[in-house]
Visitor: 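I'd like to ask some things about the structure below.
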2 protein chains.
Amino acid sequence: MNEKTSRDALAVAGRTSPTLEDLASAAGVSRSTASRAINGGSKVSPEAQAAVDAAIVALGYTPNRAARSLVTRRTGSVALVIPEPDARVMMDPYFAAVITGVNEALRDTDLQLVLLMSRAGDDSARTIRYLRGGHVDGAIVVSHHRADDWVETLGATGLPTVFIGRPWDTASGIPYVDLDNFEGGRLAARHLAGIGRTRLGSIAGPTDMTAAVDRLDGWLQGLREAGLQPGPVIHGDFTTAGGADAAKSLMDGTPGLDGVFAASDLMALGVVDTMRAAGRRVPEDVAVVGFDNHDIQAANGLGLTTVAHPMVDMAATAGRLLARAIEEPGIALESVIYPADLVVRGSTAS
Amino acid sequence: MNEKTSRDALAVAGRTSPTLEDLASAAGVSRSTASRAINGGSKVSPEAQAAVDAAIVALGYTPNRAARSLVTRRTGSVALVIPEPDARVMMDPYFAAVITGVNEALRDTDLQLVLLMSRAGDDSARTIRYLRGGHVDGAIVVSHHRADDWVETLGATGLPTVFIGRPWDTASGIPYVDLDNFEGGRLAARHLAGIGRTRLGSIAGPTDMTAAVDRLDGWLQGLREAGLQPGPVIHGDFTTAGGADAAKSLMDGTPGLDGVFAASDLMALGVVDTMRAAGRRVPEDVAVVGFDNHDIQAANGLGLTTVAHPMVDMAATAGRLLARAIEEPGIALESVIYPADLVVRGSTAS
DNA sequence: GGGTTTCACGGGAGCGCTCCCACGCGGGAG
DNA sequence: CTCCCGCGTGGGAGCGCTCCCGTGAAACCC
């Protein structure tokens with residue numbers, strides 16, 4: 001008895017936190033009743049409930065998550081998997097938005113967010129081991145490049161999973177949250193055509209991302225519907241610098257260019273700067289449409305016409321979907337596609 | 001026996017992962033020996049070690065973290081506490097850098113990063129409860145505003161903690177990682193004075209952040225040393241828009257202004273744009289020094305002279321410090337102050 | 001009224017792991 | 001040869017919790 005006490009004291013460096021047993025005896029009930037009172041007190045008398053509640057406050061009791069996990073086989077945490085976390089990628093405001101949104105959704109639950117960033121290769125194997133190891137109750141995967149094999153891997157584990165951004169392989173039926181990128185591209189084309197622009201070029205995103213491909217497909221479809229030529233397409237990397245480079249190519253290759261659709265606002269910003277530097281007026285000579293409705297769109301003093309992409313909301317939706325999948329195991333989740341919405345501003349005025 | 005098996009199977013939805021006991025019997029050793037082999041095999045014969053290693057691979061064994069935590073009282077995860085997580089703050093590349101850096105450091109350990117974002121008020125109480133509840137082995141706190149009471153709170157829990165950015169209250173002795181912000185401000189002043197600028201203004205950061213205050217103090221000290229007048233000081237919010245606004249005030253208030261120190265690159269960018277829009281040439285009429293050496297500094301085609309602020313490295317250092325504090329409990333950690341370094345570019349040419 | 005159901009509660013078992021301790025066995029010292 | 005020490009090993013206990021089941025008392029039905 002004495003030994004036990006001293007060992008305990010030593011193990012936690014002098015202060016041991018109260019256990020459920022302590023709580024129960026302080027409240028004058030049994031361990032079982034205390035447990036019931038804590039976990040949504042059905043079958044608990046009001047008096048017992050009150051006594052336990054009081055004791056919780058008095059003792060500053062916090063359940064031991066490890067002990068609880070051990071028996072419930074639930075960890076109370078979910079993973080946010082971000083492939084390829086080099087600094088450049090992390091700087092992308094996209095991830096900030098994702099983290100913000102997911103966190104927002106999880107705030108209402110008692111789930112905690114564990115960040116899992118994994119590079120390609122070995123590290124990815126490590127991440128997968130972690131996910132399979134039952135350390136988390138579910139995962140949100142920021143779908144990115146075609147090469148990722150997360151879909152099949154996670155599908156095989158049976159771990160509740162939600163993708164942000166449509167994964168390449170949707171056959172597995174894993175739910176995802178995405179924007180209607182196709183429609184977004186189509187809206188851009190229709191808008192530019194609608195204001196009378198006819199010689200249109202596009203700066204698309206990387207071909208290994210579904211969002212980029214969908215936006216481009218929608219764009220081309222929109223042009224077709226408007227009876228316009230497809231026009232030149234250059235693939236950029238979603239960055240401002242990439243957009244600037246692509247804009248130069250576009251100008252060189254297409255003299256009478258009067259409208260550009262860039263698949264991200266950052267690229268659109270590069271386009272505007274480049275055009276202006278080359279003496280073209282925006283929107284008079286060249287109208288520019290971006291994508292994302294990023295805060296930075298107003299950076300050059302000109303409002304940027306763009307397709308809204310409520311990333312924080314979308315990430316929050318993903319978080320809620322996952323929370324539900326964890327709450328009700330076996331439930332079939334529906335993917336959520338946000339409708340695309342064009343925000344018209346100065347860069348395509350008149 | 002039958003009941004037990006079926007319950008287990010049900011609990012994990014048809015597939016139960018192997019336990020240490022399974023591992024041991026597969027390897028032909030006892031549970032104890034298997035455990036020893038896994039956790040750094042002292043007192044384990046080479047044969048036993050090999051047998052266990054082989055069985056791990058064969059069974060795809062992963063230790064149950066909950067069970068381990070229960071007895072070791074270590075959770076294998078650390079918290080990254082980010083106060084005030086509204087979207088605007090998260091968009092700050094600073095946090096992206098912090099996350100990247102911390103993750104980088106933790107990659108070498110088997111610690112996982114749990115993200116804890118807490119708003120002021122109730123939420124902060126919840127976060128503190130979480131930290132006190134023994135759910136993590138340590139915490140990294142992104143020190144931000146004066147109002148935060150993390151220092152005292154965490155100091156009281158005895159939880160290993162490292163701050164990123166010097167906290168207001170250093171009396172508690174909690175270690176932190178920071179840049180020598182004072183010296184950074186001083187370098188800016190000396191540099192501008194050195195290239196012959198004499199009518200200098202500054203755009204400082206919020207007064208409730210140590211970094212902002214230190215940079216300003218250093219700046220003023222540098223001016224004094226150079227025998228220059230202190231000049232006007234305007235407090236901005238570290239954003240580009242804030243920098244632009246402040247620049248207007250500076251111009252209005254100080255006609256002959258020929259040099260500006262902005263306490264962040266984003267603000268410096270706003271300054272440059274505003275100056276140019278007002279017809280002032282940079283650097284000829286007005287030289288501008290920023291702070292952070294942010295990637296975006298080249299955005300307007302002009303290289304920005306700035307004080308380097310290796311945020312990713314610093315965050316990684318914080319991560320390593322924390323890992324060490326967890327590894328060797330009771331060890332006294334030293335704070336790490338990165339020296340300030342001025343990067344001279346076009347915005348202060350000649 | 002007896003029998004049955006309902007309800008709140010308490011005790012026991014066990015989740016998978018680590019740690020302590022006891023055990024056997026070989027080799028060096030006396 | 002005996003004693004002892006150290007090394008590798010195995011079993012037992014227990015970490016704090018949840019869940020199952022048994023118990024007694026109150027409430028209900030016919």
Side-chain angles (χ1 to χ4, degrees), chain A residues 1 3-12 16-52 56 59 61-76 110 133-135, chain B residues 1-12 16-52 56 59 61-76 133-135:
Chain A
M1 192 58 174
E3 292 164 1
K4 176 182 172 299
T5 307
S6 69
R7 184 156 57 75
D8 279 3
L10 206 145
V12 293
T16 176
S17 56
T19 73
L20 183 60
E21 198 97 35
D22 300 335
L23 213 226
S25 74
V29 299
S30 76
R31 189 166 29 93
S32 303
T33 302
S35 174
R36 277 187 287 260
I38 289 169
N39 307 310
S42 81
K43 310 262 185 190
V44 176
S45 68
E47 306 85 59
Q49 181 74 52
V52 172
I56 288 175
L59 271 63
Y61 172 78
T62 320
N64 181 317
R65 216 168 180 117
R68 179 179 281 179
S69 286
L70 186 57
V71 41
T72 59
R73 293 163 176 283
R74 298 254 314 251
T75 64
D110 58 351
H135 302 307
Chain B
M1 189 60 173
N2 216 345
E3 292 164 359
K4 176 184 171 299
T5 307
S6 69
R7 183 157 57 76
D8 279 5
L10 207 143
V12 293
T16 176
S17 55
T19 74
L20 184 59
E21 198 97 35
D22 300 335
L23 212 227
S25 73
V29 299
S30 75
R31 191 166 30 92
S32 302
T33 303
S35 175
R36 275 187 288 261
I38 290 169
N39 307 310
S42 78
K43 309 260 189 191
V44 175
S45 68
E47 305 86 59
Q49 181 73 51
V52 172
I56 288 175
L59 272 63
Y61 172 78
T62 321
N64 182 316
R65 217 169 178 117
R68 179 179 281 180
S69 286
L70 185 56
V71 42
T72 59
R73 293 164 177 284
R74 297 253 314 249
T75 64
H135 301 308

Visitor: May I ask you to evaluate whether A:Ser35 reaches the phosphate of D:dT18, defined as a side-chain N or O under 4.0 Å from OP1 or OP2?
Guide: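 For D:dT18, OP1 or OP2 has a side-chain N or O of A:Ser35 closer than 4.0 Å.
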Visitor: Taking side chain as C-beta onward, heavy atoms only, is B:Ile56 less than 4.5 Å from B:Leu23?
Guide: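 B:Ile56 vs B:Leu23: side chains touch.
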Visitor: Any N or O donor-acceptor pair linking the side chain of A:Arg36 to the base of D:dT18 at under 3.5 Å?
Guide: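 No such pair is found, so the answer is no.
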Visitor: Distance criterion of 3.5 Å, no angle test: do you see the side chain of B:Ser32 paired donor-to-acceptor with the base of D:dG11?
Guide: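 In this structure, the two groups form a donor-acceptor pair.
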Visitor: Whole Å only: how far is the CZ atom of B:Arg31 from the C1' atom of C:dC19?
Guide: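 Checked: the CZ to C1' distance equals 11 Å.
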Visitor: Expressed in angstrom and rounded to an integer, what is the separation of B:Asn64 atom CG from C:dT18 atom P?
Guide: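 After rounding, the gap between these two atoms is 10 Å.
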Visitor: What's the CD-P distance between A:Glu21 and D:dT18, to the nearest Å?
Guide: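 Distance, rounded to whole Å: 12 Å.
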Visitor: State which of D:dG10, C:dC9, C:dG14 makes the closest approach to the side chain of A:Thr33.
Guide: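 Given the options D:dG10, C:dC9, C:dG14, the side chain of A:Thr33 is closest to C:dC9.
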Visitor: Would you say a side-chain N or O of B:Thr72 is under 4.0 Å from OP1 or OP2 of C:dT18?
Guide: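 For C:dT18, neither OP1 nor OP2 has a side-chain N or O of B:Thr72 closer than 4.0 Å.
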Visitor: May I ask you to verify if any side-chain N or O of A:Asn39 is less than 4.0 angstrom from the OP1 or OP2 atom of D:dT18?
Guide: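 Affirmative; the distance criterion is met.
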Visitor: Would you mind reading off the distance between B:Arg68 atom CZ and D:dG16 atom P, rounded to a whole angstrom?
Guide: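 Spelled out: CZ on B:Arg68 to P on D:dG16 is 18 Å.
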Visitor: Would you kindly give the NE2-to-P distance between B:His135 and D:dG16, to the nearest whole Å?
Guide: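 Taking atom P of D:dG16 as the reference, NE2 of B:His135 is at 14 Å.
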Visitor: Need one value for A:Ala48: base, sugar-phosphate or nothing, where a base atom within 4.0 Å counts as base even if backbone is also close, heavy atoms only.
Guide: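 Here A:Ala48 touches the backbone only, sparing every base.
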Visitor: Between A:Leu20 (CG) and C:dC15 (P), how many Å, whole number?
Guide: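 Computing the A:Leu20:CG to C:dC15:P distance gives 19 Å.
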Visitor: Counting heavy atoms from C-beta on, name the nucleotide in D:dG16, D:dG14, D:dG10 closest to the side chain of A:Leu70.
Guide: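 So the nucleotide nearest the side chain must be D:dG16.
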Visitor: Any donor-acceptor pair under 3.5 Å joining the side chain of A:Arg65 to the base of D:dG16?
Guide: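 When only heavy-atom distances are counted, A:Arg65 does not reach the base of D:dG16 through any donor-acceptor pair under 3.5 Å.
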Visitor: To the nearest Å, give me how far apart CD (B:Gln49) and P (D:dG8) are.
Guide: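 The answer, rounded to whole Å, is 12 Å.
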Visitor: For A:Leu20 and A:Ser35, what are the C-alpha separation, side-chain angles and deciding distance, and is it a side chain to side chain contact (heavy atoms under 4.5 Å, CB included)?
Guide: CA-CA 7 Å; A:Leu20 183 60; A:Ser35 174; 3.9 Å; yes
Visitor: Is there side-chain contact between B:Val44 and B:Val52, with heavy atoms separated by less than 4.5 Å?
Guide: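 Contact flag for B:Val44/B:Val52 side chains = no.
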Visitor: Just N and O in the side chain of B:Thr19: are any of them under 4.0 Å from OP1 or OP2 of C:dG16?
Guide: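 Negative; the distance criterion is not met.
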Visitor: Going from OG on A:Ser30 to CZ on A:Arg36, what distance comes out if it is rounded to the nearest 0.5 angstrom?
Guide: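 Between atom OG of A:Ser30 and atom CZ of A:Arg36 there are 6.0 Å.
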Visitor: Kindly compute the distance separating CG (A:Asn39) from CZ (A:Arg68), expressed to the nearest 0.5 Å.
Guide: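 Going from CG on A:Asn39 over to CZ on A:Arg68, the span is 5.0 Å.
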Visitor: Check the phosphate of C:dG16 against B:Tyr61, side-chain N and O only, distance under 4.0 Å to OP1 or OP2. Yes or no?
Guide: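 Negative; the distance criterion is not met.
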Visitor: Examine the base of C:dG16 for any acceptor or donor lying under 3.5 Å from a partner atom in the side chain of A:Arg73, and report the outcome as yes or no.
Guide: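 No.
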Visitor: In whole Å, what is the span from the CD1 atom of A:Ile38 to the C1' atom of D:dC19?
Guide: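 Distance, rounded to whole Å: 15 Å.
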Visitor: For C:dC9 and A:Ser45 - does any side-chain N or O of the residue sit under 4.0 Å from the phosphate oxygens OP1/OP2?
Guide: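 Indeed, a polar side-chain atom of A:Ser45 lies that close.
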Visitor: Less than 4.5 Å apart, any side-chain heavy atom of B:Thr62 and any of A:His135?
Guide: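 Yes, their side chains come closer than 4.5 Å.
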